[in-house]
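Below is one structure, written out as structure tokens; the observations come after it.
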Amino acid sequence: MAKTDIKYQWAIEDIYSSVSEWEKDYKKVSNETDFSEFKGKLNQKESFLACMKKQEDVIRIFEKLSVYAMMLHDVNTKDSFADSLYSKTMSLGVKITSATAFVMPELTALDASVLEDYIKDNSLVEYDYFLKSVLNEKAHVLSEAEEKLLAESGETLAGFKDIFTKIDNADINFGEIKRNGEKIKITHGTYGVILHGEDRLLRKKTFEQYYKAYEGLINTISSTYYGNVKKNVFIARARKYNSVLDMALVGEDVERSVYDNLIKSVNQALPTLHEYVKEKKRLSGYKKFYMYDMYAPTVPDAEMKLGYEEAYDLVVKGLAPLGNEYQTLLIKAKDERWLSVYETDGKRSGAYSVAVYDTHPYVLLNYQQTTHDVFTIAHEMGHSIHSYFSNKTQPYAKADYKIFVAEVASTVNEVLLVNYLIKNAKDDKLKKYLLSYLLEMIRTTLFRQTQFSEFEEFAHGQVENGEPLTKESMSAKYFELNKKYYGESVEDDEYIKYEWARIPHFYRAFYVYKYATGIISALSIADRILEEGQTAVDDYFKFLSSGGSDSPVELLKIAGVDLTTDKPFERAFKRFSKTLEEFKTL
């Protein structure tokens, strides 16, 4: 069956059967953005409730409009028509945000006693956590005029991310490279495959050519990211936050101690990471070990090269500890085409899951026959099924969970899958390979994402202190961090200093550290599921179904993880160290 077969394309028609249907909803929402009838009346419960209900109705349809347009755009970033729909939704989003800009200032102007009365009222129970957030953010909500001005500038301020997306997916040209006389076009997808391959010379050439492309655009990318950081600092200062990091944490309802615990514990664990890298170098047999060697197989000829169908079936089997209901949902998602599977010309790179409350979640893949891509299926379906349960269980106002917990379910799936594969490995070579895969998962998800976060702290700190961000300062800082994280076993590499320039998550400030806290939480949850069985599974399903009904740190406690303590951090690094010892023993 061809990779372009409809079986491997997502069923976007489940949102809208045609663009004309999309246009009808677009027109409907455009005509329903007048909220003036509620202005000055939110101190009355009836008016508050009516305003919330109308806002919910509008945003639910807007969600469908924006996701549909984004999906059309992402399967072909060169499609100008999809671009136009995407731009229209951006403009409509600004219009909605501007029309409702009075809501937060008016609510925060209410006495705390009034808000507390609203929170206790059972008729408003679906908005209780939202109202608690209003109480917490009173100091950071501006006047109505200022909120409206910020809302109307939203489309312009969001432009830096869009510019980078165009650079990284449509404009950048990595060229071709020869392998055995055959020309291979370098893309984000083929780069990953080659870097995970055994041909060292090909890895080196591809690595250098890939980063030369970023070096060639480094002035443009540096200016784009600098603009994005300045935008973040501007908004943080306008809202009276101490820093962009502070704004990100308060916005997620996460204590600063959780973030500080992560940075502290990762830095304390760097010697174990250095030990792991030293072992990778020893096994490679190379006198000099470079960053383009980092992803090469430590155990040769053991890579799982599975077709998509076989890979998906393996994921379903690996997640058996979560029970029949979970496995049935995985099969349903595949059969009902929740997924866009293969890389095509102009398709957005990477992978993601996106939720639509009134239909079902969707997953974008760029599937290649690598072990990493098998785990990507498990990862993205973790996101989707988390969204599925939250949307199914919670009212719309509480369905959308915080980004802080967004990476937990996805990583639980990965940990359970690798545990299944290790347990069922038929020989020591395969088992050693799978242990190395778990070590790499922890390296890339816990250590690497924390390294990224330290880079973000530097970038935002520079601007907050009135210092400019230049291509030289950012590249030098990234190079310094890379050396700190990987230690003396890795040679200084000229091109790795440009790695920061290719990270799309940097355009969503302080997102990446949540991958690290996510895997720390996931390791604890997966261990508990394997040790305790149904009781732990039941608690985990309660967490998956909790949506955004409380602070993310509190919701994780339902699944048995308390990130305000050192215990989950210590458990994660103990798991890394234990896995490394088992790997070395084999």
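Along the sequence shown, the residues carry numbers beginning at 1. Note that the structure is predicted; figures quoted are calculated from it, not measured.
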**OP:** Would you sort out whether Ser524 and Ser521 count as a side-chain hydrogen bond (donor to acceptor under 3.5 Å, both in side chains), showing the intermediate values?
**Re:** CA-CA 5 Å; Ser524 291; Ser521 302; over 6 Å; no

Identify whether the distance between the nearest side-chain nitrogen and carboxylate oxygen of [X] and [Y] falls below 4.0 Å.
X	Y	value
Lys278	Glu488	no
Glu480	Lys483	no
Glu440	Arg443	yes
Lys484	Glu454	yes

Original post:
Could you go step by step and tell me if Phe573 and Phe447 meet the ring-ring contact (aromatic ring centres under 6.0 Å, His included) rule?
Top reply: CA-CA 10 Å; Phe573 293 115; Phe447 289 102; 5.8 Å; yes

Do [X] and [Y] pair up side chain to side chain, a donor and an acceptor below 3.5 Å, judged on atom types alone?
X	Y	answer
Ser475	Trp500	yes
Tyr259	Glu457	yes
Asp428	Tyr433	no
Tyr478	Glu499	yes
Ser387	Ser384	no
Thr272	Ser577	no
Ser340	Lys347	yes
Glu380	Ser410	no
Tyr352	His383	no

To the nearest 0.5 angstrom, please state how far the [atom1] atom of [X] sits from the [atom2] atom of [Y].
X	Y	atom1	atom2	answer
Asp373	Met304	CG	CE	10.5 Å
Leu306	Gln369	CG	CD	7.5 Å
Asp566	Phe569	CG	CZ	7.5 Å
Leu314	Leu421	CG	CG	5.0 Å
Leu439	Leu580	CG	CG	6.0 Å
Asp527	Glu532	CG	CD	10.5 Å

Could you check, using the six-membered ring where one of them is a Trp, whether [X] and [Y] have ring centers closer than 6.0 angstrom?
X	Y	result
Tyr485	His274	no
Phe375	Tyr437	yes
Tyr515	Tyr511	yes
Phe541	Phe389	yes
His505	Tyr507	no

Subject >> Arg282/Glu279 under salt bridge (charged side-chain N to carboxylate O under 4.0 Å, His left out): CA gap, chis, key distance, verdict >> reply: CA-CA 5 Å; Arg282 185 187 71 79; Glu279 179 67 5; 2.8 Å; yes

Could you tell me which non-hydrogen atom of [X] sits nearest to which non-hydrogen atom of [Y], and how far apart they are?
X	Y	result
Tyr513	Ser453	CB-OG, 3.6 Å
Gln449	Ala516	CB-N, 4.4 Å
Tyr129	Ser549	CB-O, 3.7 Å
Ser436	Phe583	CB-CE1, 3.6 Å
Ala378	Leu417	CB-CD2, 4.0 Å

Has [X] got a side-chain atom pairing as donor or acceptor with [Y]'s backbone, closer than 3.5 angstrom?
X	Y	answer
Thr190	Thr187	yes
Ser546	Phe543	yes
Asn366	Gly350	yes
Ser265	Leu262	yes
Arg571	Leu523	no
Asn465	Glu467	no
Lys280	Asp293	no
Glu491	Lys288	no
Asp168	Phe164	no

Original post:
Would Glu456 and Val229 satisfy side chain to side chain contact (heavy atoms under 4.5 Å, CB included), going step by step from the backbone distance to the final call?
Top reply: CA-CA 9 Å; Glu456 285 191 287; Val229 172; over 6 Å; no

Tell me, please, whether [Y] has [X] positioned over its six-membered ring: NZ or CZ under 6.0 Å from the ring centre and within 45 degrees of its axis?
X	Y	value
Arg448	Tyr295	no
Arg200	Tyr292	no
Lys231	Phe160	no

Original post:
Does a sphere of radius 6.0 Å around NZ in Lys584 hold more than 12 heavy atoms from other residues, nucleotides or ligands, not counting ones at 6.0 Å or beyond?
Top reply: yes

Subject >> Lys305 NZ: over 12 foreign heavy atoms closer than 6.0 Å >> reply: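 Result for NZ/Lys305: open.
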
Original post:
Can you list the steps and then say if Lys204 with Glu208 is a salt bridge (charged side-chain N to carboxylate O under 4.0 Å, His left out)?
Top reply: CA-CA 6 Å; Lys204 180 178 186 295; Glu208 292 177 354; 2.9 Å; yes

Side chain to side chain, [X] and [Y], heavy atoms closer than 4.5 Å:
X	Y	result
Lys398	Asp128	yes
Gln451	Val266	no
Glu414	Thr376	no
Asn413	Val315	no
Glu252	Lys514	yes

Subject >> Ring geometry between Tyr225 and Phe506 (parallel below 30°, tilted from 30 to 60°, perpendicular above 60°) >> reply: tilted

Subject >> Aromatic plane relationship, His386 with Tyr401 - under 30° parallel, 30 to 60° tilted, over 60° perpendicular >> reply: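 Parallel.
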
**OP:** State which residue, out of Tyr498, Tyr191, Phe174, fulfils the ring pair (Phe, Tyr, Trp, His ring centres under 6.0 Å) condition with Tyr214.
**Re:** Phe174

Original post:
How far apart are the C-alpha atoms of His460 and Asn232, what are their side-chain angles, what is the distance that settles it, and do they pass the side-chain hydrogen bond (donor to acceptor under 3.5 Å, both in side chains) test?
Top reply: CA-CA 8 Å; His460 288 86; Asn232 295 338; 3.0 Å; yes

